[in-house]
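The structure under discussion appears below in the form of structure tokens.
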Amino acid sequence: MNTLDARESRLSAALAARASTIEGDLAALVAIPTGRGFTPGLDETRGLVTSRLARLGGRVEVVPGEPAPAWLSPANHEPVPPPPTAIVRGPEVAGRSVLVAAHLDTVHDPNGNFRTLVREGPIARGPGAADMKGGIVLLLHALEALAECGLPVRWTVLFNSDEETGSYASAACLAAEAKRHAVGLAVEPATPAGGIVVERMGAGQFRVDVKGRSAHVGRDFTSGVSAVNSLARTLLVIEGLSRPADGRIANVGPLRGGAVSNAVPDAASAWGNVRFRDPAAEAELAAALDALATRPDAMPAVTVRRSFLRPAKPRTAATLAMAEGIRAISESLGLPLPFESTGGVCDGNNLQAAGLPTLDTLGVRGGNLHREDEFVELETLPTRAALLAIALLRASEGRLS
């Protein structure tokens, strides 16, 4: 059943006419490497997208990033300076304020072989094409089409550059902006079935360090206390914390321990990630990890550090009402929109935890995220842009839910 009014039909037609331009813009954005903290590519992309929104009357503010805890990165990973967050505030018009979150970073190696957008029939593959350069391109065109059609929307866009690594640099900005707006959207890709996520698990990071006693393996083995062996026993305990059916997951990797094989290792470390369905599961995992620690003077001594920055994002009455509104739009445009849950996390977790009702899968249809065959469905790009544009319009006018 078509629920679009005349203005929305005109908006959809305007975006359909942009189909080739949308694909071309996606190819250009994908060609700029922004993975793994690659500052030149992030800076170039940030400048490109903010300049484009400035032409719509957006006011650009760049906020310095906050540093992440130093212990989060394994020693063999070079730390990168915290990237800034760009906030673009649209023209001051009447209506409910809508915040859109978008991340510029990807997971892909800037020096790898997966560097460009390549069309393969109805799809195109490229690094970050779905997650989330495609979503950013849809957002740019949606806002431009709204302006072109003379449809005012009260919007703000937040571009961060560290979502894939936990949004530590941008966490304060996300929380602050959440409190300034009435509705939250994010342009993460749709699920593989083209659905919208209405429920997400939360996530956290942890590190376990073990201090032992070094000794020569041949001459003095019994005097040594192996930190590696102690860490191995600890990891088996961590393995036992996972109960996916109950919404609890604990995963470990990478590892570090010992420098040579003919000395008892006196230090070992492990980095890990947890997922939790709700605050109760979060508290249980936190307590279990904390319980692994020993007294500082123990031998071996175990130290645990953790940071649970992304709370779980449960389905709520407010987000379900918004999801129903977006499903009505999508079905009017000819795309079914199932509701789904996921263990994946994103900035939508942070926004909703700060009190902002948020739906976060308004980006492209595609798949194989974080892989070197990541793709987008080309034929659906204009329709998904129209879905986003109409959702922005209805949200700003108070008609989305």
Side-chain angles (χ1 to χ4, degrees), residues 85 98-103 105 130-132 135 156-158 160 162-168 170-206 242-251 273-286 306-327 337-363 369-370 388 391 395 400-401:
T85 299
V98 183
L99 174 65
V100 185
H103 65 85
D105 57 317
D131 187 17
M132 64 165 27
T156 296
V157 181
L158 185 152
N160 64 0
D162 66 324
E163 188 273 344
E164 296 289 5
T165 53
S167 299
Y168 284 89
S170 54
C173 284
L174 288 164
E177 290 302 313
K179 299 183 189 314
R180 300 180 61 164
H181 294 81
V183 178
L185 303 175
V187 287
E188 294 287 345
T191 67
I196 192 166
V197 171
V198 295
E199 184 177 44
R200 289 183 181 271
M201 297 179 81
Q205 315 292 332
F206 67 90
S242 290
R243 296 204 302 270
D246 296 331
R248 287 178 30 164
I249 296 172
N251 182 67
N273 180 271
V274 294
R275 301 292 163 118
F276 39 86
R277 177 180 295 161
D278 51 38
E282 177 182 5
E284 289 173 6
L285 283 169
R306 60 180 176 82
S307 173
F308 289 10
L309 190 64
R310 293 205 198 274
K313 185 179 183 293
R315 62 178 70 201
T316 65
T319 53
L320 281 175
M322 290 169 57
E324 291 287 359
I326 288 174
R327 176 150 66 184
L337 194 76
F339 294 171
E340 300 187 48
S341 301
T342 180
V345 296
C346 72
D347 289 330
N349 291 65
N350 299 58
L351 296 177
Q352 187 159 306
L356 183 66
T358 302
L359 289 177
D360 49 41
T361 38
L362 274 293
L369 311 184
H370 296 190
L388 178 58
L400 187 58
S401 55

Determine the minimum heavy-atom distance between [X] and [Y], stating which atoms define it.
| X | Y | result |
| --- | --- | --- |
| Val187 | Ala102 | CG2-CB, 3.8 Å |
| Ala323 | Val198 | CB-CG1, 3.8 Å |
| Pro311 | Leu309 | CD-O, 3.2 Å |
| Cys173 | Thr85 | SG-CB, 4.0 Å |
| Ala395 | Val183 | CB-CG1, 4.1 Å |
| Ala203 | Val345 | CB-CG1, 3.7 Å |

Taking the side chain as C-beta and beyond, is there a heavy-atom pair between [X] and [Y] under 4.5 Å?
| X | Y | value |
| --- | --- | --- |
| Thr191 | Ile196 | no |
| Ile326 | Leu359 | yes |
| Thr342 | Met201 | no |

[atom1]-[atom2] distance between [X] and [Y], expressed to the nearest 0.5 angstrom:
| X | Y | atom1 | atom2 | value |
| --- | --- | --- | --- | --- |
| Met132 | Asp105 | CE | CG | 9.0 Å |
| His103 | Ser167 | NE2 | OG | 8.0 Å |
| Leu285 | Ile249 | CG | CD1 | 9.5 Å |

Once side chain to side chain contact (heavy atoms under 4.5 Å, CB included) is applied, do any residues pair with [X], and if so which ones, sequence neighbours excluded?
| X | value |
| --- | --- |
| Ala281 | Arg248, Phe276, Asp278 |
| Ala250 | Ile238, Leu241, Ser242, Val274 |
| Gln205 | Leu72, Tyr168, Asn273 |
| Arg277 | none |

Can you list the steps and then say if Val197 with Ser341 is a side-chain contact (heavy atoms from CB on, under 4.5 Å)?
CA-CA 5 Å; Val197 171; Ser341 301; 6.0 Å; no

Side chain to side chain donor-acceptor pair (under 3.5 Å) partners of [X], counting only residues at least two apart:
| X | answer |
| --- | --- |
| Thr319 | Thr316 |
| Arg200 | Asp360 |
| Asp246 | Arg243 |
| Glu282 | none |

Can you run down the side-chain hydrogen bond (donor to acceptor under 3.5 Å, both in side chains) pairs that involve residues 170-185, sequence neighbours left out, and say none if there aren't any?
Arg89-Glu177, Thr156-His181, Asn160-Ser170, Asp162-Ser170

For the side chain of Asp131 and the backbone of Leu369, is there at least one donor-acceptor N/O pair under 3.5 Å apart?
no

Is Gln352 reaching over with its side chain to a backbone N or O of Pro314, donor-acceptor style, under 3.5 angstrom?
yes

From CA spacing to verdict: side-chain contact (heavy atoms from CB on, under 4.5 Å), Leu351, Leu174:
CA-CA 6 Å; Leu351 296 177; Leu174 288 164; 3.9 Å; yes

Does the side-chain contact (heavy atoms from CB on, under 4.5 Å) test come out yes or no for Phe339 and Glu199, once each step is laid out?
CA-CA 9 Å; Phe339 294 171; Glu199 184 177 44; over 6 Å; no

Output, in order, the C-alpha distance, side-chain angles, deciding distance and verdict of side-chain contact (heavy atoms from CB on, under 4.5 Å) for Thr358 and Met322.
CA-CA 8 Å; Thr358 302; Met322 290 169 57; 6.0 Å; no

In short, salt bridge (charged side-chain N to carboxylate O under 4.0 Å, His left out) pairs touching residues 338-354 with sequence neighbours left out are Arg310-Asp347

Of all residues at least two apart in sequence or in a different chain, which pass the ring-ring contact (aromatic ring centres under 6.0 Å, His included) check with Phe206?
none

